[in-house]
Novice: 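The structure is given below, and queries will be raised subsequently.
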Amino acid sequence: MELGIRGRSALVCASSRGLGLACASALAAEGVDLVLNGRNADRLADAAARLRAAHEVAVTEVVADVTTADGRGRLLDCCPEPDILVTNNNGPSPGTFTEFTEEDWMTAVSANMVSQLMLVSTVVPGMRARHFGRIVNITSAMVTTPRPTMGLSSAARAGLTAALKGLSFEVVRDNVTINNLLPERIDTDRQRFMAARVMEREGITYEVARTRQEASVAAGRLGTPEEFGVVCAFLCSARAGFVSGNNVHVDGGTYPALI
């Protein structure tokens, strides 16, 4: 399918690796010019070089921390009027509810709610004026299937989801859509980190922890970042103008009881 976004511009946050890079790669394959973002300059430069080599698109990298006003400012200085915004950031660490401190809660809300809201607030007026905009937020399955150890992630990302659901009703009339991608069991560093945590907590081997992850998915395997990226590209497409305000699970049919 021709997605109708060749020549458009996209700002993809936290895109030097993992799901952010997968989304950027899928957009580049559709001819979208990119602004990549990350905090590690070497890793970011490597990702940008690989995308330039693989696709005939402009790729600009911006080393910045999106959780800070300065970092967001540098991104927007480089790409003040993106057609597409993909928000993303590292998720909070798991833990026990009663052990989370006020600082933990504030950090999670800043990193996984407020920073995204500030970016959306800045770019959405221009999108509306140009009558084209696609905003995709990479959140988490924890928004709709909360787990005891993932309270920080569930709370911050559910807040983002609620705030932007309300905004989606207002902006869709101007061909600006807002959707959320909810990954679960995608084979990235995050899943390897989670397997290591289970290994330590339960005294099992890493291999057993990884097998449990696979067993929790109806598909019988972990998803690939590439599979995730193409869903993002479709939601960013000109063909998806009637899809807005939705939470799209990308999880292979994960069984909640086995997470």
Side-chain angles (χ1 to χ4, degrees), residues 5 8-15 19-20 23-24 27 32-38 60 62 64-92 106-140 142-144 153-183 228-229 231-238 240-248:
I5 49 176
R8 295 284 187 181
S9 62
L11 195 168
V12 187
C13 300
S15 48
L19 298 182
C23 292
L27 289 169
V32 175
D33 294 327
L34 299 170
V35 172
L36 297 188
N37 160 245
T60 304
V62 179
D65 182 352
V66 297
T67 65
T68 68
D70 176 71
R72 293 190 296 272
R74 276 185 276 155
L75 277 175
L76 293 167
D77 285 344
C78 184
C79 187
E81 295 187 335
D83 299 305
I84 295 164
L85 171 65
V86 180
T87 75
N88 184 35
N89 208 356
N90 289 333
M106 296 302 292
T107 298
V109 168
S110 174
N112 297 111
M113 185 177 101
V114 175
S115 61
Q116 291 85 346
L117 293 176
M118 293 300 95
L119 284 169
V120 171
S121 178
T122 303
V123 304
V124 81
M127 290 178 170
R128 297 186 73 180
R130 297 188 300 276
H131 293 280
F132 184 91
R134 298 290 183 264
I135 297 169
V136 175
N137 307 289
I138 300 175
T139 64
S140 170
M142 297 303 103
V143 170
T144 60
S153 179
S154 296
R157 286 165 162 160
L160 173 69
T161 300
L164 293 183
K165 175 68 173 181
L167 180 63
S168 71
F169 292 118
E170 183 179 347
V171 302
V172 70
R173 70 190 69 176
D174 295 316
N175 192 30
V176 177
T177 65
I178 303 174
N179 291 289
N180 309 302
L181 285 176
L182 282 60
F228 185 88
V231 181
C232 179
F234 175 74
L235 291 176
C236 294
S237 75
F242 207 63
V243 182
S244 191
N246 291 291
N247 288 317
V248 180

Novice: Tell me, which pairs form a salt bridge (charged side-chain N to carboxylate O under 4.0 Å, His left out) where one or both residues lie in residues 154-165, sequence neighbours left out?
Specialist: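 As it turns out, there is no salt bridge (charged side-chain N to carboxylate O under 4.0 Å, His left out) pair with a partner in residues 154-165 once direct neighbours are skipped.
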Novice: Taking the side chain from Ser15 and the backbone from Ala24, do they hold a donor-acceptor pair closer than 3.5 Å?
Specialist: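 No, the answer is negative, given that no donor and acceptor are paired below the 3.5 Å cut-off.
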Novice: Report the residues that fulfil side chain to side chain donor-acceptor pair (under 3.5 Å) with Asn89, sequence neighbours left out, ordered by chain and then residue number.
Specialist: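 For Asn89 there are no side chain to side chain donor-acceptor pair (under 3.5 Å) partners, ignoring immediate neighbours.
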Novice: Applying side chain to side chain contact (heavy atoms under 4.5 Å, CB included), can you list everything that pairs with Ala10, at least two apart in sequence or on another chain?
Specialist: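 Partners of Ala10 by the side chain to side chain contact (heavy atoms under 4.5 Å, CB included) criterion, ordered by chain and then number, come out as Val12, Leu27, Val32, Leu34, Ile84.
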Novice: Can you sort out the partners of Asn247 under side chain to side chain contact (heavy atoms under 4.5 Å, CB included), two or more places apart, ordered by chain and number?
Specialist: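 Side chain to side chain contact (heavy atoms under 4.5 Å, CB included) list for Asn247, sorted by chain: Thr144, Thr161, Asn180, Leu182.
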Novice: Could you list the residues that satisfy side chain to side chain donor-acceptor pair (under 3.5 Å) with Ser9, not counting sequence neighbours?
Specialist: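 If we apply the side chain to side chain donor-acceptor pair (under 3.5 Å) test to Ser9, skipping adjacent residues, the hits are Asp83.
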Novice: Tell me which pairs pass salt bridge (charged side-chain N to carboxylate O under 4.0 Å, His left out) where either residue lies in residues 109-120, with sequence neighbours left out.
Specialist: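 Residue pairs with at least one partner in residues 109-120: there are none.
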Novice: Test your reading of the model: is there a side-chain donor-acceptor pair from Asn112 to the backbone of Gly159, 3.5 Å cut-off?
Specialist: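 Answer holds: no.
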Novice: Quick one: list whatever passes side chain to side chain contact (heavy atoms under 4.5 Å, CB included) with Glu81, sequence neighbours left out.
Specialist: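 Result, side chain to side chain contact (heavy atoms under 4.5 Å, CB included) vs Glu81: Arg130.
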Novice: Identify, with sequence neighbours excluded, every residue that meets salt bridge (Lys or Arg N to Asp or Glu O under 4.0 Å) alongside Arg72.
Specialist: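 By the salt bridge (Lys or Arg N to Asp or Glu O under 4.0 Å) rule, Arg72 matches no residue at all.
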Novice: Residues two or more places apart in sequence or in another chain: which of them pass side chain to side chain contact (heavy atoms under 4.5 Å, CB included) with Asn179?
Specialist: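 Thr177, Leu235, Val243, Asn246.
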Novice: Which donor-acceptor pairs under 3.5 Å do the side chains of residues 116-124 make with protein atoms, sequence neighbours left out?
Specialist:
from, atom 1, to, atom 2, distance (Å)
Gln116, OE1, Met113, N, 3.1
Gln116, NE2, Ala111, O, 3.1
Thr122, OG1, Met118, O, 2.9

Novice: Judged by atom type as modelled, is there a donor-acceptor pair below 3.5 Å linking the side chain of Ser140 to the main-chain atoms of Val143?
Specialist: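 Flag not set: sc Ser140 to bb Val143 has no pair under 3.5 Å.
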Novice: What residues form a side chain to side chain donor-acceptor pair (under 3.5 Å) with Arg74, not counting sequence neighbours?
Specialist: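 For Arg74 the side chain to side chain donor-acceptor pair (under 3.5 Å) partners, ignoring immediate neighbours, are Asp70.
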Novice: Less than 4.5 Å apart, side chain to side chain, heavy atoms only: is that true for Val231 and Val248?
Specialist: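 With C-beta onward as the side chain, the pair touches.
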Novice: Where do Arg134 and Met127 land on the side-chain contact (heavy atoms from CB on, under 4.5 Å) test, with the steps shown first?
Specialist: CA-CA 8 Å; Arg134 298 290 183 264; Met127 290 178 170; over 6 Å; no
Novice: Could I get the full list of side chain to side chain donor-acceptor pair (under 3.5 Å) partners for Ser154, not counting sequence neighbours?
Specialist: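 For Ser154 there are no side chain to side chain donor-acceptor pair (under 3.5 Å) partners, ignoring immediate neighbours.
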Novice: Is the backbone N or O of His131 less than 3.5 Å from a side-chain atom of Asn175, with the two atoms forming a donor-acceptor pair by type?
Specialist: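 It does hold such a pair.
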Novice: Any donor-acceptor pair under 3.5 Å linking the side-chain atoms of Thr67 with those of Asp65?
Specialist: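 Judged by distance alone, the side chains do pair up.
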Novice: Please examine the side chains of Leu181 and Phe228, heavy atoms only from C-beta on, and report whether any two atoms are closer than 4.5 Å.
Specialist: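 Side-chain contact under 4.5 Å: yes.
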